[in-house]
Amino acid sequence: MRSWTRAWCIQRFHRRYVASANETVSSLLPSLMAKVFPHCRSCGIQLQNTKPSEPGYYILPGTFTKPVLNRPEDAVYEKYMNNLSQEDKELLGFLSDIKPVEEVPKAKTTSTPATSSIKDKVECLRCRKANFNSDFNLKEHPIESVTRVLSTIPVNGTLVYVINCVDFPLGVNEEVFKYRPHNKVRIIINKADLLFQSKELANRYGQTFFSNYFKRKHGIDNLLVVSGKKGWNIKQLGEFLDFNSYFIGNVNSGKSTILNALLYLNEEKKVAKELQLYNKREKLQIQKEDGAGYYRQIREKRKQAELFKLKNGSGTSHMPGFTRGFIEYEFDSKPVYDVPGFSNVSGTGIYEHMIPTDLKRLSKGVDIFKSGTYDARYYSMKSNQVLTVGGLFFVKIPNDTVIRFKNCINFPHHVFRDMSKAMQVYKRPSPELENYFTVSGLKLKKLYVPPFFGEIDLVLKDFGHITLTPTGRKSSNHLITVYIPECISEQDICIREPLVSYTRKTLAGRDKNGSPLKKEKWSERSIAELKTYSPEKPFSLKLITPLPRPADEDEFAAVTVETGIDYSPNSEVSWGNRFQYWLE
């Protein structure tokens, strides 16, 4: 009996004290490692200055020898000046006591060691090349999986999951919710400035939709819509964070940009009085005395903020996998960590086939509130024509079909007359069309867009979407075919209900009595409505993979196998059953 009691006491002691101590040590380990060993301030990797070919190499501050600038013009000038006589020099207007041009002494090298104050601001050579020369090797550090990234985070840390709203919901990886209870997960919807015209609209419509979506679909209440670029709701985010918060998310979701905005928040408090809005009389007085002085001061403050983030914040880049280690910050005495981004699939994917300038352009995105709304400009294609945006995908529409589309990807589109012409140009773009391709010549795979009715978004992860709207009378049940490079995973492309219909009021197609209207009368008599998310209706859906069958039967059989519902040339898809073949 005594031996059993003793074992029980030891087990109780271990659970209460030893396990708690282990959790405390694990939570402090990233902070201790960062303070003991110097780390790159941009990517977080541990620094070393002995092996230039290995990761983390950097040049000690003060030991770099600036090369002497020897221009050919200086050598010619020195040659002819030394051959001139004193009389000639005076005749040319030079002083009589002019001396020949002496050789510029070489810069002296110093061996000042990297102190703790210096090493905190040091970048590795890889980050400097990426930032200033756009020289970035993706294969040097491949993108990690979500499981690998989350396994390095202490169990008692709070996960701050940053999600890009541009490709929503492809940026949502449900594996994240398996590693923490819901009260230890915070959701941040970033890049709201691309979806909304103002912070007020983001708070009114964006916060409502995204909070409703995550609460009803994943059971998570803690959510905030922000813009790291424009600083929307960054002050609220500082109050939103817990002790030991770890910023996670897909690559290029904007984690480092948000953290830099938080870093400037403390600096902004010091100049809050200078940034506060003047009352009307003071504002008019400033404009009268100094022209547009008030607005010039605001612009100057923005420049100061960007300069502060550049010098003191973590490195930000459009290149995926830029952050390679934990980077620690402190806000209101709370440790916060920038964590490397993860991907749904292993490897570098489509990124290794793109040049940095195109990737930077695509990552910036477009203003969806301008180009993706119901009154935005649209384009048309018909009968077997093929649409491509940068060669990232090809959309082939069925025969006797007319589709309107809106391009919400920051790259020009092009429509080919048929698939054979599209493939001919794709394999070897002509000089006239090479600007329409960011990738070319890659092997493609075929997918089908599930049957739908009305308007949909075709979403490509990290880059944006195009909106497709069939018009005119439907003549067949043939599906829209999508071709994507084999290096793009099927998980990185989907269709969804138009996102703008959930984030702003759009025309409902009905009058105030609820009666349906003809298309030509929508703008005059249709009411505007805001859709609300309901888990009973699917919001997004992956594309359908073809089956190994004859081409004329493949698409119908693929839908039947994928959904378990018979789909044939005679099947009817209407507004009433538009979600029949949508199975999330």
Side-chain angles (χ1 to χ4, degrees), residues 42-45 55 124 126-146 148-149 162-164 166-168 170-171 173 190-191 194 248-257 314-325 338-366 388-394 408-412 426 429 434-445 447 458-465 482-494:
S42 289
C43 69
I45 197 170
C124 66
R126 170 252 196 191
C127 289
R128 293 193 63 83
K129 288 182 177 180
N131 284 326
F132 299 103
N133 301 331
S134 293
D135 182 6
F136 190 91
N137 185 6
L138 285 170
K139 296 182 179 179
E140 179 184 340
H141 196 84
I143 304 170
E144 298 286 355
S145 65
V146 59
R148 170 65 179 167
V149 171
V162 180
I163 297 172
N164 183 357
V166 171
D167 60 2
F168 186 83
L170 289 177
N173 192 321
N190 193 24
K191 302 188 180 182
L194 297 178
I248 65 170
N250 284 275
V251 293
N252 286 345
S253 58
K255 302 182 299 298
S256 299
T257 303
S314 63
T316 57
S317 175
H318 54 277
M319 305 301 293
F322 189 77
T323 304
R324 300 193 291 182
D338 189 6
V339 179
F342 52 74
S343 177
N344 295 335
V345 294
S346 60
T348 55
I350 192 68
Y351 297 111
E352 65 176 291
H353 303 285
M354 302 171 65
I355 61 176
T357 52
D358 286 347
L359 185 54
K360 183 177 181 179
R361 177 181 181 178
L362 285 161
S363 300
K364 284 184 176 180
V366 298
T388 186
V389 179
L392 298 170
F393 57 81
F394 293 86
C408 294
I409 300 176
N410 195 14
F411 209 87
Y426 179 63
E434 61 182 6
N435 292 332
Y436 290 96
F437 291 90
T438 181
V439 294
S440 60
L442 301 180
K443 192 174 181 180
L444 303 177
K445 56 185 174 183
L447 299 171
L458 178 65
V459 190
L460 187 63
K461 189 173 179 297
D462 295 336
F463 301 135
H465 73 275
V482 178
Y483 297 85
I484 60 174
E486 288 190 344
C487 54
I488 295 180
S489 170
E490 290 87 347
Q491 301 177 34
D492 291 340
I493 188 169
C494 75

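Keep in mind that the numbers below use all heavy atoms, side chains included, and drop hydrogens, waters and symmetry copies.
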Measure across [X] and [Y] and return the closest heavy-atom pair with its distance rounded to 0.1 Å.
X    : Y    : answer
L170 : L460 : CD1-C, 4.0 Å
G464 : V166 : CA-CG1, 3.6 Å
D338 : S256 : OD2-OG, 2.7 Å
N410 : G365 : ND2-O, 3.5 Å

Query raised in the report: What residues, two or more places apart in sequence or in another chain, satisfy ring pair (Phe, Tyr, Trp, His ring centres under 6.0 Å) together with Y436?
Result: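 Here the qualifying residues are H414.
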
Heavy-atom distance under 4.5 Å between the side chains of [X] and [Y], does that happen here?
X    : Y    : result
F463 : L359 : yes
L392 : F411 : no
N250 : N164 : no
K445 : E490 : yes

Query raised in the report: Considering the options L444, L442, L447, which one meets the side-chain contact (heavy atoms from CB on, under 4.5 Å) requirement together with I484?
Result: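 Option passing the side-chain contact (heavy atoms from CB on, under 4.5 Å) with I484: L447.
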
Query raised in the report: Residues two or more places apart in sequence or in another chain: which of them pass side-chain hydrogen bond (donor to acceptor under 3.5 Å, both in side chains) with K364?
Result: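 Testing K364 for side-chain hydrogen bond (donor to acceptor under 3.5 Å, both in side chains), a comparison that skips the adjacent residues, returns none.
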
Query - Results of side-chain hydrogen bond (donor to acceptor under 3.5 Å, both in side chains) for T438 - residues two or more places apart only - result: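 Listed in chain order: D358.
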
Query - Rounded distance [0.5 Å steps], CD1 in I493 versus CG in L458 - result: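 Here the interatomic distance stands at 4.5 Å.
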
Requested in this report: Starting at NE2 of H465, measure out to CG of D167 and round the result to the nearest 0.5 Å.
Outcome: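 Nearest 0.5 Å value for the NE2-CG distance: 11.0 Å.
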
Report task. Quick one: sort the F394 and Y426 rings into parallel, tilted or perpendicular, breaks at 30° and 60°. Result ->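 It falls in the perpendicular class, over 60°.
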
Report task. May I ask you to decide if K461's main-chain N or O and D492's side chain share a donor-acceptor pair within less than 3.5 Å? Result ->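 Side chain of D492 to backbone of K461, a donor-acceptor pair under 3.5 Å: no, none is there.
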
